[in-house]
Structure formats: structure tokens, C-alpha cells
Amino acid sequence: MPGIGRLLKKLVPVLSVLPFLLGAAGYALAGERVLDALYFSFSLYFVNLVSDSSNVLVEIARWTAALVTTTAVLYALRRIWTRLWWAALCLGRDSVAVYCDGEEKVIFSDSGHSVVYPGREFRPGARSHIIMLARDSESLAFYEANRSGLRGHPVYIGLRELDRGHMRDVPGVTFYDIDGAAARVLWKNLKLWRQGKERLSVVIWGGGHLGQNILNHGLLLNLFVPNQEIAYHLAGDTTLYQISRRKFRSGNRDTVAFHDMDSASAWEAVRGADVVILAEEAPVERIQALRIACENGAVYYYAPDGRDIGAYLKFSGLHPFGEGLYTDENIRGEALVLRAKEQNYDYAGEYGHLAPGETVDEAWRKLDGFTQWSNISSADFQEVLPDILAARPALTLEQLAALEHLRWCRFHTLNGWQYGIPESGSRDAEKKLHRCLCPYEALEPKEHEKTQAVIRRALSVVDR
């Protein structure tokens with residue numbers, strides 16, 4: 001539908017001039033001089049019939065010209081009203097301008113937000129700005145074009161193609177991954193740790209940006225016992241993904257296999273899978289084929305617009321996912337980022353990294369973008385830790401700490417880091433080296449204590 005809207009906008013100039021052309025032709029055929037015919041035709045737009053000459057073309061032009069004029073007046077009035085309404089909304093205590101091409105609406109948890117949807121028209125009066133245009137290049141170009149007006153206001157840019165972990169730090173800008181939000185919600189609903197198995201097989205069908213995010217977040221969230229063995233299969237065009245993630249190490253018996261779409265090996269993996277995830281919008285025939293091929297597992301399919309076509313199939317074990325992603329929590333990440341900020345503040349205070357009187361936000365702004373994202377990933381895992389412990393009560397503090405360290409290692413190696421001993425300190429952000437990218441057992445005792453402190457804090461927050 002957005003494509004049809006853009007097409008109509010392109011056709012408006014042509015449709016607007018059509019009455020003029022028809023009128024000019026009609027008056028010329030009625031015997032008027034060329035200049036008079038042009039003048040008489042132009043006057044039709046002001047509902048002013050200057051000449052009595054008439055024929056079919058003149059009559060069509062007379063009525064369509066009036067229609068064009070009326071439409072233009074109504075459109076102008078609507079624009080004026082909309083601008084006044086936007087200006088009033090921007091006076092709100094938490095006014096948000098959402099720039100998008102489609103019909104996406106951001107869901108806010110309370111009524112304390114004033115939201116405007118100006119398309120691609122910049123609204124400088126809003127307190128914060130969410131940019132989620134159809135292409136990442138367009139969103140970044142919009143930010144650059146309005147950079148001076150956005151200065152001093154929180155800006156959130158949604159990524160649909162680029163990887164958040166590789167974005168440079170831009171002051172005042174938070175990049176959020178739309179597909180990453182879908183992946184996090186999916187895994188937290190799936191809860192593999194509650195299936196009572198240590199060995200599982202997961203097939204992700206679709207090697208695009210969404211499929212890659214589902215794999216990445218699965219590797220970071222699905223850590224629940226020391227001896228687990230999850231086989232992840234990613235089917236699709238994964239060449240670029242394999243190149244960019246070549247330094248990834250699972251750190252346990254979990255494995256990742258790649259398959260060409262519709263290859264024999266991909267369908268063989270589907271047959272033995274516990275979970276199949278269709279990570280792209282696909283025809284119902286594809287959903288049906290995966291459900292039939294997956295003999296004993298469940299099939300989850302991407303349905304972001306809420307139209308659950310799979311509900312019409314008689315199969316059991318079919319589950320849609322992806323609806324309701326455009327929420328304030330997913331985009332501006334208030335709850336998750338707040339937990340990450342508080343965790344960083346506690347850590348900095350405990351190890352003497354805080355300046356006198358430094359606030360939580362000030363300590364957070366001292367971090368580079370990657371370290372902020374690392375803290376957010378940690379807070380994300382800590383959110384599911386209590387449920388993992390409830391499902392696996394035999395887990396000890398030491399084992400939970402080992403799982404958290406494994407998550408930390410995976411996060412870094414997924415983003416191109418590797419084990420190394422820098423010339424100074426424990427990490428070299430430029431060369432992406434860290435001396436702690438090793439098995440938990442190989443860490444120094446003080447690192448054990450640091451990681452266990454993270455676990456104790458996460459569980460104590462839940463108990464409060």
C-alpha cells in the first residue's frame with residue numbers, strides 16, 4: 001500500500017494539469033483563438049466560466065478543474081490543521097516524532113507521550129526523534145540532512161540492514177535493530193531451557209538479516225546448562241554472514257551449520273529439528289511444506305503485520321511471531337537500557353571507576369558504543385536468568401557464572417574480537433583483542449569473582 005501512495009503522489013501533477021489540457025483543446029475545437037483557449041481553460045480552475053463555448057471536452061474540463069481546485073483547497077486546509085496539531089503535540093513533556101514510510105505505529109506503554117508521524121517532514125519541535133525509513137541509507141541520509149536541528153535531542157535510528165554492532169559511536173544517537181527486537185522476543189517466548197533437553201536441533205530458514213539476528217540472539221540467550229548441545233542450522237544465502245563472523249567460537253558443544261536454501265541437507269535438518277523458524281515473510285505453501293517436513297518439532301513463522309495466514313491450516317505446532325515489534329521499549333529500549341546503565345554504574349562504583357558525584361547517565365556516556373551494547377546484551381541475558389534457574393534449579397552460582405562468561409565471549413567473537421594479550425591493559429579495542437576471551441576455567445580468580453558478582457546482582461534484583 002505505501003508503494004501505491006507514492007505512485008499517486010507522482011501522478012498528482014499530471015492529473016492536476018489534465019483539465020487545463022482538455023479545456024484548451026475543447027475551446028480550440030469550438031473555434032476560440034489559441035491564446036483565448038488557453039486563458040479560458042486556465043480560468044476554469046477558479047470556477048470562472050469566461051466563455052460560453054461548450055463541447056464535451058470543455059464540460060469535462062469545467063467539472064474536473066473545479067474538482068482539482070476544491071481538492072487543493074481542502075488539502076491546503078488539512079496541511080495547515082495538521083501542522084498546527086503537530087505543533088501542539090510537540091509541546092508535550094515527552095513528544096516524539098516518528099519518521100517512517102509505511103503505516104507503522106509505535107506502541108507506548110502509557111499515555112504520557114505525544115506522538116507525531118510526519119512522514120519525511122522534519123519536526124524540530126519534538127523532544128525526541130525516531131527514524132525508521134524503508135532503507136538504512138535513507139534513514140542515515142535523513143539524519144544527516146537534519147543533523148543541526150536534531151542536535152541536543154535524543155535520536156533513535158532503526159536499522160533494517162546494517163549490523164548494530166559495527167556502527168560507530170554517534171553522540172546523541174541510539175541505533176536499534178528492528179530484527180534484533182523480533183529475535184529477542186522470539187527466544188524469550190520459546191524458552192528452550194524449559195524443554196527438558198540438553199540436546200536440541202534448531203533450523204532457521206532464511207539467511208537474511210532477520211535470520212542472522214535470530215541466530216545471533218539464540219547463541220547469546222540459549223545458555224542454560226554446562227553440557228548442552230544445541231545444533232543451529234541456518235538455511236539461505238549466508239556467505240557474507242560467514243565472512244563477517246569467521247572469528248566466532250561457540251565455547252561449548254553447540255554447533256552452527258550453514259545450508260543452501262532448499263538443499264537436501266537443509267530439508268534433512270528440518271526433518272530432525274525440535275524447532276523450525278521461518279525467518280522471512282513467505283507464502284503459506286512454504287509454511288505448509290516446513291510443517292509437513294518437520295516430523296516432531298514446532299514451526300514458528302514470521303508474521304509481523306498480524307495477518308496469521310497459518311491459522312487457516314489444520315496443523316498443530318504452528319506459531320506466528322513478529323507482531324507488535326514497534327513498541328517504545330523495543331525502540332527506545334527504556335527498560336532494558338536502564339538495567340544496563342544501572343549494572344554499569346554498580347560495576348564502575350565497585351571498582352573505583354566513578355568520578356565524585358558522577359550520575360548513572362554520566363557514567364554511561366563515558367562508554368563507547370560497543371561497550372554500551374555489550375552491557376545491554378548482558379542485561380538481556382540477566383532478564384532470562386531467573387527463569388533458567390527456575391527450570392534448572394540444580395545450577396550452581398559457579399555454573400551460572402560460567403554461562404554468563406560464555407555469553408560474554410560469544411558476544412565479542414560474534415563482533416570480530418579474539419583472544420590476545422594487548423601491550424597494555426586487558427583489552428585493545430582497535431585490534432579487537434581481549435585477554436579474557438578464554439574458557440571460564442582459565443580466568444584468574446578475580447575475574448571469577450567479577451562474573452559471579454554479576455550473577456548475584458541479577459538474581460538479587462529479581463528477589464527485591
Within 45° cone and under 6.0 Å: Lys247 NZ/CZ vs Tyr419 ring = no
Ala303 and Pro320: which non-hydrogen atoms are nearest, and at how many Å?
-> CB-CB, 4.1 Å
Any donor-acceptor pair under 3.5 Å linking the side chain of Arg253 with the backbone of Ala231?
-> no
Take atom NZ of Lys431 as the centre, draw a 6.0 Å sphere, and report whether it contains more than 12 heavy atoms from other residues, nucleotides or ligands.
-> no
So, do Phe248 and Leu219 sit near enough that their side-chain heavy atoms are less than 4.5 Å apart?
-> yes
Compute both the distance and the angle, then confirm whether Lys105 meets the cation-pi test with Tyr117: under 6.0 Å from the six-membered ring centre, within 45 degrees of the axis.
-> yes
Counting heavy atoms not belonging to Glu144, are there more than 12 under 6.0 Å from its CD?
-> yes
Is any side-chain N of the basic residue among Asp101 and Arg120 closer than 4.0 Å to the acidic one's carboxylate O?
-> yes
Between Ala126 and Val96, which heavy-atom pair has the shortest distance, and what is it?
-> CB-C, 4.3 Å
Interatomic spacing from CG in Asp136 to CD in Glu161 - rounded to 0.5 Å = 4.5 Å
Parallel, tilted or perpendicular: rings of His129 and Tyr99 (30°, 60°) | parallel
Kindly say whether Ser250 contributes a backbone atom to a donor-acceptor pair with the side chain of Arg410 at under 3.5 angstrom?
-> yes
State, yes or no, whether a side-chain contact exists between Phe315 and Ile287 at a heavy-atom distance under 4.5 Å.
-> no
Note, Trp187 side chain near Asn222 side chain (heavy atom, < 4.5 Å) = yes
Can you see which heavy atom on Arg123 is nearest to which on Ala97, and at what distance?
-> CB-CB, 4.4 Å
Between CD of Gln372 and OG1 of Thr174, what distance do you get to the nearest 0.5 Å?
-> 7.5 Å
Non-hydrogen side-chain atoms of Asn213 and His217 separated by less than 4.5 Å | yes
Mind checking the CG-CG spacing from Asp179 to Asn216? Nearest 0.5 Å is all I need.
-> 11.0 Å
Hey, are the side chains of Asp274 and Lys197 touching, using non-hydrogen atoms and a 4.5 Å cut-off?
-> yes
Short side-chain to backbone donor-acceptor contact, Gln228 and Phe224, under 3.5 Å = yes
Pair Asp177-His209, side-chain contact (heavy atoms from CB on, under 4.5 Å): steps then yes or no = CA-CA 10 Å; Asp177 195 331; His209 194 252; 3.3 Å; yes
Residues Asp361 and Tyr345: side-chain donor-acceptor under 3.5 angstrom = no
With a 4.5 Å heavy-atom cut-off, do Tyr301 and Arg291 have their side chains touching?
-> no
Rounded to the nearest 0.5 Å, what's the gap from OG on Ser137 to CZ on Phe142? Could you check?
-> 14.0 Å
Backbone N/O of Thr396 and side chain of Gln399: donor-acceptor pair under 3.5 Å | yes
Are the side chain of Arg199 and the backbone of Glu229 linked by a donor-acceptor contact shorter than 3.5 Å?
-> no
Any donor-acceptor pair under 3.5 Å from Glu358 side chain to Ala355 backbone | yes
Least distance between heavy atoms, Ala458 atom then Leu385 atom | CB-CD1, 4.4 Å
Between OG of Ser374 and CG of Asn415, what distance do you get to the nearest 0.5 Å?
-> 9.0 Å
Mind checking whether Trp408 and Thr451 have side chains closer than 4.5 Å, heavy atoms only?
-> no
Distance-minimising heavy-atom pair for Leu395 and Leu389 = O-CD1, 3.9 Å
Please report the C-alpha distance between Ile157 and Met167 in whole Å, then the side-chain angles of each, then the deciding distance to 0.1 Å, and finally whether the side-chain contact (heavy atoms from CB on, under 4.5 Å) criterion is met.
-> CA-CA 11 Å; Ile157 301 179; Met167 303 300 291; over 6 Å; no
Ser460 side chain vs Arg456 backbone, donor-acceptor pair below 3.5 Å = yes
For residues Arg194 and Ala391, report the shortest heavy-atom separation together with the two atoms involved.
-> CG-CB, 3.7 Å
Strictly under 6.0 Å, is that where the ring centroids of Phe370 and Trp417 end up?
-> yes
